[in-house]
Every structure is written in structure tokens, then in C-alpha cells.
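First the structure, in the form of C-alpha cells, and then the observations on it.
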Amino acid sequence: ADHPHPHGASRPVYKRARPLREGEERAIRRANLTLRQRWYEAVELALAYSRCKPALFSWLERAQARLDVYGPDGVARQRDRDEFEADFAT
């Protein structure tokens, strides 16, 4: 057991160019904690989005149907027709 790490690798040891000034170590720890908190918040946001995504699309589909967006005179139908005609215009 020459290495304390379970996979046999040890963490690199960096030599400081100068000793830390008063408060610097605390600031470094606070910055690392802030980064960790941001990471956890980003993960929570991604998980919440993945959980809510089906409900959001369901709501959007119902709202579009209620507004008759894809009906014969609907805005989306007109937009799709304009794009189609632009793609195949000669």
C-alpha cells in the first residue's frame, strides 16, 4: 500500500510559490465551495428540466391546438407554407 488512493494513483502535490497571506486560504475554500454549489445547482436544473419536459411539450401542444395554430388559416400553417414555397421557388 504505497499509495493512499484506492486505484493506486496519488494526487499531485503542488509547491506554493509563496505562503498564503491572511485570508487567502479562506477565500480559496469559499471559491471552491461556490463552484461546487453552482455545479449542484446546474445538475438540479437539468434534472428538473428533464422531469418537466414531457409536461411542457404536452402543454404547448394543447395550447397550439386551442389557438388553432395549425388549422387551415393558422399562423404556423402559413409560416410552413411560406418556407416550403421559398425552398422550392425557381
Side-chain angles (χ1 to χ4, degrees):
D2 295 340
H3 299 288
H5 195 272
H7 301 292
S10 61
R11 295 177 73 181
V13 177
Y14 296 104
K15 197 171 188 179
R16 296 196 185 280
R18 62 171 175 75
L20 291 175
R21 295 186 185 125
E22 186 178 333
E24 283 182 331
E25 186 172 351
R26 198 170 351 148
I28 291 170
R29 284 186 186 155
R30 193 176 320 122
N32 287 339
L33 181 62
T34 302
L35 289 174
R36 189 175 303 137
Q37 287 172 334
R38 287 183 187 168
W39 168 252
Y40 285 127
E41 288 172 2
V43 169
E44 287 177 14
L45 183 64
L47 289 174
Y49 174 74
S50 68
R51 278 186 234 113
C52 295
K53 189 174 173 183
L56 290 172
F57 282 122
S58 176
W59 171 83
L60 179 62
E61 187 176 357
R62 285 192 314 269
Q64 289 176 337
R66 213 175 315 122
L67 294 171
D68 200 29
V69 172
Y70 288 101
D73 297 324
V75 177
R77 172 81 51 111
Q78 183 62 42
R79 181 197 62 221
D80 292 345
R81 183 178 180 89
D82 292 344
E83 288 180 13
F84 176 80
E85 290 173 352
D87 287 345
F88 292 99
T90 55

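Note that this is a predicted model, so its numbers are computed, not measured. Note that the numbering runs from 1 along the sequence shown for the chain.
Applying the side-chain hydrogen bond (donor to acceptor under 3.5 Å, both in side chains) test to residues at least two apart or on different chains, the pairs with a partner in residues 45-62 are Ser58-Arg62. Applying the salt bridge (charged side-chain N to carboxylate O under 4.0 Å, His left out) definition to pairs two or more places apart or across chains, those involving residues 69-82 are Arg81-Glu85. Applying the side-chain hydrogen bond (donor to acceptor under 3.5 Å, both in side chains) test to every pair with at least one member in residues 30-48, sequence neighbours left out, gives no pairs at all.
Checked against side chain to side chain donor-acceptor pair (under 3.5 Å), Arg26 has no partners two or more places apart in sequence or in another chain. For Val69, the side-chain contact (heavy atoms from CB on, under 4.5 Å) criterion is met by Gln64, Leu67, Ala76, not counting sequence neighbours. The side-chain contact (heavy atoms from CB on, under 4.5 Å) search around Glu24 returns Arg18, Leu20, Arg21, not counting sequence neighbours.
Hydrophobic cluster of Leu56: no remaining members, since no ILVMFWY side chain lies below 4.5 Å from it. Within the hydrophobic cluster formed by Ile, Leu, Val, Met, Phe, Trp and Tyr side chains joined at under 4.5 Å, directly or through other members, Leu35 stands alone, with no partner residue. Val75 belongs to no multi-residue hydrophobic cluster, having no ILVMFWY side-chain contact under 4.5 Å with any other such residue.
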